Amino acid sequence: MVWLVLVLALLLVLFILWLWLIGPQMNKKPDFGAFAGFDYAHRGLHELSDGVPENSLAGFRLAEEKGYGMEFDLQLTKDKQVVVHHDPTLKRSCGEEVTIADLTYEQLRKYRLFGTSEHIPLFREVLGALKGRTPLIIELKGYNDPAELCRLAMKELEGYKGPYCVESFDPRIVAWFRENRPEIVRGQLMCRFKKGDEGMDAFKAFCATHMLTNFHTRPNFEAYDIHTRDIPSMGLSKGLLGMQEVSWTIRNEDEYSRAKKLNSLVIFEHIRP
């Protein structure tokens, strides 16, 4: 009987530790009112068949015009310019095996996105092209020095009047905002990782998949791949601790309906919710 009590006590302690590891920020929870009424166009409202590529000024203007929020990606050039582009290289978007961090922005600006006339924009160009009518989900990529990217991105956001939040797969970036800009709504991006993804070993992949870095970042929302979000940590963090979920990337009506039933904010592409 004593052993049973000890085992149950140990299980309870482990359960409480688990909750502590995966939990969101519990005090001073942000108001999601500015974000809740919108769906978010993934990398802008892009459709290449219409001549509008992802992460382009045309796609961002179109998203705002149609009343959608938008999600997009930030990284740095060689000369420390903050640019909007997803991949670390231009292989997929421009057909060139060259890394953005190895190019100055003057060099980068010569390339065109997916065979269109659209160039890779500066972050400040994107902000200048928008009127601030719809919210932004700004993903900071982990390709550069995390603190430097965060500082430079925040410098560009000075004076921007529209609503925005930040997110990243890189816990170091989310933790930077927790420490340095706690007033900004921050999110932890995650999905089901395996050994080798993003250069992670098996332990790091397990921790990332199961949200075990949240004790360090204390995110205000968890942006999880809707196709792999059915894990105990997601259910517990959301159901018991009130984590706001953001679902990505929604590409059909069935996925959209599922995300809405989960009370998630929706990041979509190739459909028009």
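Values in this document were obtained by computation on a predicted structure and should not be read as measured data.
- Expressed to the nearest 0.5 Å, how far SG of Cys165 lies from CZ of Phe221 amounts to 4.0 Å.
- Side-chain N or O atoms of Thr209 include one that pairs as donor or acceptor with a backbone N or O of Phe193 at under 3.5 Å.
- Contact check for Ile120 versus Asn55: no side-chain heavy atoms found under the 4.5 Å cut-off.
- When atom types are taken as modelled, the side chain of Asn180 and the backbone of Phe177 share no donor-acceptor pair closer than 3.5 angstrom.
- Note: Glu47 CD to Ile271 CD1 = 11.0 Å, rounded to the nearest 0.5 Å.
- Minimum heavy-atom separation, Ile173 to Cys150: CG2-SG, 3.7 Å.
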TODO: Could you walk me through whether Leu240 and Leu19 pass the side chain to side chain contact (heavy atoms under 4.5 Å, CB included) test, one step at a time?
DONE: CA-CA 9 Å; Leu240 290 182; Leu19 292 180; 4.3 Å; yes

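- In this structure Asp230 satisfies the side-chain contact (heavy atoms from CB on, under 4.5 Å) test together with Arg258, sequence neighbours excluded.
- Of all heavy-atom pairs spanning Phe169 and Leu189, the tightest one is CD2-O, 3.4 Å.
- A distance of 9.0 Å separates CG in Leu262 from CE in Met234, rounded to the nearest 0.5 Å.
- Between the side chain of Arg186 and the backbone N or O of Thr217 there is at least one donor-acceptor pair closer than 3.5 Å.
- Taking a cutoff of 4.0 Å between a charged side-chain nitrogen and a carboxylate oxygen, Asp39 and Lys260 qualify as a salt bridge.
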Open item on the list: Between Tyr256 and Phe268, is the ring pair (Phe, Tyr, Trp, His ring centres under 6.0 Å) condition met? List the steps.
Closed with: CA-CA 8 Å; Tyr256 182 78; Phe268 70 91; 7.6 Å; no

Open item on the list: Trp18 vs Ser233, test: side-chain hydrogen bond (donor to acceptor under 3.5 Å, both in side chains). Steps then yes/no.
Closed with: CA-CA 8 Å; Trp18 183 13; Ser233 288; 3.0 Å; yes

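- In this structure, CG in Leu21 is found 12.5 Å from NE2 in His210, a value given to the nearest 0.5 Å.
- Put simply, the side chain of Arg218 gets close to the backbone of Gly23: a donor and an acceptor are under 3.5 Å apart.
- A salt bridge does not link Arg112 to Glu118: none of the charged nitrogens lies less than 4.0 Å from a carboxylate oxygen.
- Between Lys66 and Glu64 there is no salt bridge, since no side-chain nitrogen of the basic residue lies less than 4.0 Å from a carboxylate oxygen of the acidic one.
- Annotation for Gln107: atom CD counts as buried by contact number, over 12 foreign heavy atoms lying within 6.0 Å.
- The two residues Pro171 and Thr213 have their closest heavy-atom pair at CG-OG1, 3.9 Å.
- Between Ile137 and Phe35 there is no side-chain heavy-atom pair separated by less than 4.5 Å.
- A 4.5 Å side-chain heavy-atom check between Val84 and Leu122 finds every atom pair outside the cut-off.
- A distance-only check finds no donor-acceptor pair linking the side chain of Trp20 to the backbone of Phe215 [under 3.5 Å].
- Heavy atoms of other residues, nucleotides or ligands lying less than 6.0 angstrom from CD of Glu183 number more than 12.
- Distance alone, capped at 3.5 Å, is enough to place a donor-acceptor pair between the Thr89 side chain and the Lys91 backbone.
- Rounding to the nearest 0.5 Å places OH of Tyr160 at 12.5 Å from CE of Met154.
- With Glu65 contributing its side chain and Leu62 its backbone, the two residues share no donor-acceptor pair below 3.5 Å.
- A salt bridge is defined here as a Lys NZ or Arg NE, NH1 or NH2 lying under 4.0 Å from an Asp or Glu carboxylate O, and Asp201 with Lys204 fails to meet this definition.
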Task: Audit row: His85, Glu54, side-chain hydrogen bond (donor to acceptor under 3.5 Å, both in side chains) steps and yes/no - done: CA-CA 8 Å; His85 196 266; Glu54 66 179 57; 5.9 Å; no

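- Residues Arg92 and Asp87 are paired through a salt bridge, judged by an N-O separation under 4.0 Å between the basic side chain and the carboxylate.
- Salt bridge absent: Arg43 and Glu139 never bring a charged side-chain N and a carboxylate O closer than 4.0 Å.
- Taken to the nearest 0.5 Å, the CE atom of Met70 stands 11.0 Å off from the CZ atom of Arg61.
- Ring centers of His270 and His46: under 6.0 Å apart, within the cut-off.
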Task: Check against side chain to side chain contact (heavy atoms under 4.5 Å, CB included), Asp225 and Arg192 - done: CA-CA 8 Å; Asp225 181 359; Arg192 185 175 297 158; over 6 Å; no

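- Nearest heavy atom pair, residue Tyr143 against residue His86, reads OH-O, 2.8 Å.
- Counting only heavy atoms from C-beta outward, the side chains of Leu76 and Leu152 approach each other to under 4.5 Å.
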Open item on the list: Let's go through Met211 and Tyr224 carefully: what are the C-alpha distance in whole Å and the side-chain angles of both, what is the deciding distance for side chain to side chain contact (heavy atoms under 4.5 Å, CB included) to 0.1 Å, and is it a yes or a no?
Closed with: CA-CA 10 Å; Met211 302 164 47; Tyr224 214 100; 4.2 Å; yes

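- Of all the heavy atoms in Met200 and Ala208, the pair that sits closest is SD-CB, 4.2 Å.
- The only member of Leu108, Leu113, Leu57 that meets side chain to side chain contact (heavy atoms under 4.5 Å, CB included) when paired with His119 is Leu57.
- Distance alone, capped at 3.5 Å, is enough to place a donor-acceptor pair between the Ser56 side chain and the Gly59 backbone.
- Side-chain N or O atoms of Arg109 include none that pairs as donor or acceptor with a backbone N or O of Pro121 at under 3.5 Å.
- Here Tyr68 and Tyr40 keep their ring centres 6.0 angstrom or further from each other.
- Side-chain contact of Arg178 with Gln25: a donor-acceptor pair under 3.5 Å is absent, judged by distance alone.
- Considering only heavy atoms from C-beta on, Leu8 stays 4.5 Å or farther from Leu12 through its side chain.
- Taking 4.5 Å as the limit, every side-chain heavy atom of Leu265 sits out of range of all side-chain heavy atoms of Ser247.
- Residues Asp170 and Ser168 have side chains that never bring a donor and an acceptor to within less than 3.5 angstrom of each other.
- Residues Ile226 and Trp248 form no side-chain contact, since every pair of their non-hydrogen atoms from C-beta on lies 4.5 Å or further apart.
- Between the side chain of Thr228 and the main chain of Cys191, no donor-acceptor pair closer than 3.5 Å is present.
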TODO: Starting from the C-alpha separation in whole Å, work towards a yes-or-no answer on side-chain hydrogen bond (donor to acceptor under 3.5 Å, both in side chains) for Glu222 and Asn214.
DONE: CA-CA 9 Å; Glu222 196 82 21; Asn214 283 0; 3.0 Å; yes

Open item on the list: As a quick check of understanding, evaluate side chain to side chain contact (heavy atoms under 4.5 Å, CB included) for Val185 and Val166, giving each step before the final call.
Closed with: CA-CA 6 Å; Val185 175; Val166 297; over 6 Å; no

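- The salt bridge (charged side-chain N to carboxylate O under 4.0 Å, His left out) pairs that include a residue from residues 232-253 are Arg229-Glu245, Lys238-Glu245, Arg251-Glu269, where partners are two or more places apart or lie in different chains.
- Residues Thr104 and Asp79 share a closest heavy-atom pair of CA-OD1, 3.4 Å.
- At a threshold of 4.5 Å between non-hydrogen side-chain atoms, the residues Trp176 and Leu140 do not count as touching.
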